**Q** 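Input: one structure, supplied below.
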There are 2 protein chains.
Amino acid sequence: MRRDVFQAIADPTRREIINMIAHHPLNVNAVAENFEVSRTAIYKHIKMLTECGLVVITQFGRERYCEARLEGLTEVADWVEQYRKIWTERFDNLENYLDELETKKKRSVRKK
Amino acid sequence: MRRDVFQAIADPTRREIINMIAHHPLNVNAVAENFEVSRTAIYKHIKMLTECGLVVITQFGRERYCEARLEGLTEVADWVEQYRKIWTERFDNLENYLDELETKKKRSVRKK
DNA sequence: TTATTGTGCAACCTTTAGGTTACATTAAAT
DNA sequence: ATTTAATGTAACCTAAAGGTTGCACAATAA
């Protein structure tokens with residue numbers, strides 16, 4: 001199934017899982033042990049992370065190691081970055097527009 | 001209500017709304033006109049965006065202008081950035097670990 | 001004054017998310 | 001050969017997400 005990275009990182013538990021395996025792989029049970037919820041619940045989160053490519057699972061014996069593949073986060077990084085100019089230079093870019101709206105507002109208020 | 005920025009940007013419609021008003025404010029109906037779904041549906045998305053601080057609404061007469069306040073995206077940017085090293089330098093950092101797992105795997109496969 | 005426009009919101013519906021328990025399967029340990 | 005451990009998955013439940021229609025209300029236009 002094709003999954004959305006934005007959706008994948010929306011859940012705080014999944015973000016925690018990512019953080020947990022970001023530096024070194026862990027098997028499924030090891031990940032699950034760090035949470036209150038059931039192993040099955042964590043397994044589903046992991047599965048979703050694999051479906052959007054943020055995690056890869058490799059089997060060794062009866063264990064399966066979850067490894068972070070965070071390249072997919074570039075999609076998020078790029079999306080956010082396109083707006084950085086806007087929120088850092090907002091006053092330069094929108095001052096005129098806001099002034100205009102402000103004027104409109106005052107006119108409106110006067111009419112009341 | 002306190003809302004999560006990660007959750008807010010998880011929905012593609014909300015991301016589109018953000019994109020739509022990123023450079024200049026639009027009133028609620030103007031935003032809604034650009035989508036197939038109902039005005040009410042869009043209104044709810046906008047409301048959620050205001051609840052997490054990404055959008056501010058200012059009333060002028062009977063219109064309400066939605067203005068993007070994207071500073072809140074820094075939370076997302078920061079979260080993603082902390083992992084950039086990992087996905088760009090993964091081979092340097094994890095090579096040993098992966099080699100180790102690889103060795104383990106081969107041993108396991110041999111046993112079959 | 002009356003009609004129209006822009007909007008907020010209640011009430012309701014359907015799908016999806018996130019969780020649980022129970023069970024099947026395969027590898028490892030006794 | 002049996003038992004134990006690690007895991008995948010089905011079946012089910014509840015709450016939340018995302019959508020709709022309908023209505024109330026304030027501001028504007030006629």
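All chains are named by letter (A, B, ...) in the order of the sequence lines, taking the proteins before the strands, and each is independently numbered beginning at 1. No experiment lies behind these values; they were computed from the predicted model shown.
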**Q** Expressed as a whole number of angstroms, how long is the span from B:Q59:CD to C:dT7:P?
**A**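 For the pair B:Q59 CD and C:dT7 P, the rounded distance is 9 Å.
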
**Q** If the cut-off is 4.0 Å, is B:H45 near the phosphate of D:dA17, judged by side-chain N/O to OP1 or OP2?
**A** no

**Q** Quick one: B:E51 CD to D:dA16 C1', roughly how many Å, whole number?
**A**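 To the nearest whole Å, that distance equals 14 Å.
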
**Q** Quick check against the 3.5 Å criterion: does A:E75 have a side-chain atom that pairs as donor or acceptor with the backbone of A:G72?
**A**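 Not a single qualifying donor-acceptor pair exists.
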
**Q** Among D:dT9, D:dT7, D:dA27, which is the nearest nucleotide to the side chain of A:E63?
**A** D:dT7

**Q** Looking only at side-chain N and O atoms, does B:R64 come under 4.0 Å of OP1 or OP2 in D:dA26?
**A**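 Answer no for this pair, as no side-chain N or O of B:R64 is under 4.0 Å from OP1 or OP2.
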
**Q** Does some side-chain heavy atom of A:V80 sit less than 4.5 Å from a side-chain heavy atom of B:V80?
**A**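 No, their side chains stay 4.5 Å or more apart.
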
**Q** Between D:dG19, C:dT20, C:dT7, which nucleotide has the shortest distance from any of its atoms to the side chain of B:V37?
**A**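 For the B:V37 side chain, the nearest candidate turns out to be D:dG19.
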
**Q** Is there a path of hydrophobic side-chain contacts, each under 4.5 Å between heavy atoms of I/L/V/M/F/W/Y residues, joining A:M48 to A:I17?
**A** no

**Q** As a test of reading the structure: which of D:dG22, D:dA6, D:dG19 is closest to the side chain of B:T13, going by heavy atoms?
**A** D:dG19

**Q** What salt bridge (charged side-chain N to carboxylate O under 4.0 Å, His left out) pairs are there with at least one residue in residues 5-30 of chain A, not counting sequence neighbours?
**A**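 Output for this query lists A:R15-B:D4.
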
**Q** D:dG18 C1' sits how many Å from B:K47 NZ, rounded?
**A**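 About 14 Å, once rounded to whole Å.
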
**Q** To the nearest Å, give me how far apart CG (A:L26) and P (D:dT7) are.
**A**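 My rounded result for the distance is 10 Å.
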
**Q** For B:I42 and D:dT21, give me the distance from atom CD1 to atom C1', rounded to whole Å.
**A**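 Nearest whole value for this atom pair: 16 Å.
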
**Q** Distance check: side-chain N/O of B:N29 vs OP1/OP2 of C:dT7, anything under 4.0 Å?
**A** yes

**Q** Would you check if the side chain of B:E67 reaches a backbone N or O of B:R69 as a donor-acceptor pair within less than 3.5 Å?
**A** no

**Q** Between C:dA29, D:dT7, C:dT7, which nucleotide gets closest to the side-chain atoms of B:V28?
**A** C:dT7

**Q** Has B:Y43 got a side-chain N or O lying under 4.0 Å from the OP1 or OP2 atom of C:dC9?
**A** yes

**Q** In whole angstrom, what separates B:M48's CE from D:dG18's P?
**A** 7 Å

**Q** Distance criterion of 3.5 Å, no angle test: do you see the side chain of A:R62 paired donor-to-acceptor with the base of D:dA6?
**A**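 Absent.
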
**Q** Taking the minimum atom-to-atom distance to the side chain of B:A41, which one of D:dT9, D:dT20, D:dA5 wins?
**A**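 Selected nucleotide: D:dT20.
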
**Q** In whole angstrom, give the distance that lies between atom CZ of A:R3 and atom C1' of C:dG18.
**A**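 Taking atom C1' of C:dG18 as the reference, CZ of A:R3 is at 11 Å.
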
**Q** Does a side-chain N or O of A:S38 approach OP1 or OP2 of C:dT20 to a distance below 4.0 Å, or not?
**A**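 Answer yes for this pair, as a side-chain N or O of A:S38 is under 4.0 Å from OP1 or OP2.
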
**Q** Does C:dT21 have OP1 or OP2 under 4.0 Å away from a side-chain N or O of A:R39?
**A**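 No, no such contact exists.
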
**Q** Let me know the distance between NZ of B:K44 and C1' of D:dG22, rounded to the nearest Å.
**A**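 These atoms are roughly 13 Å apart.
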
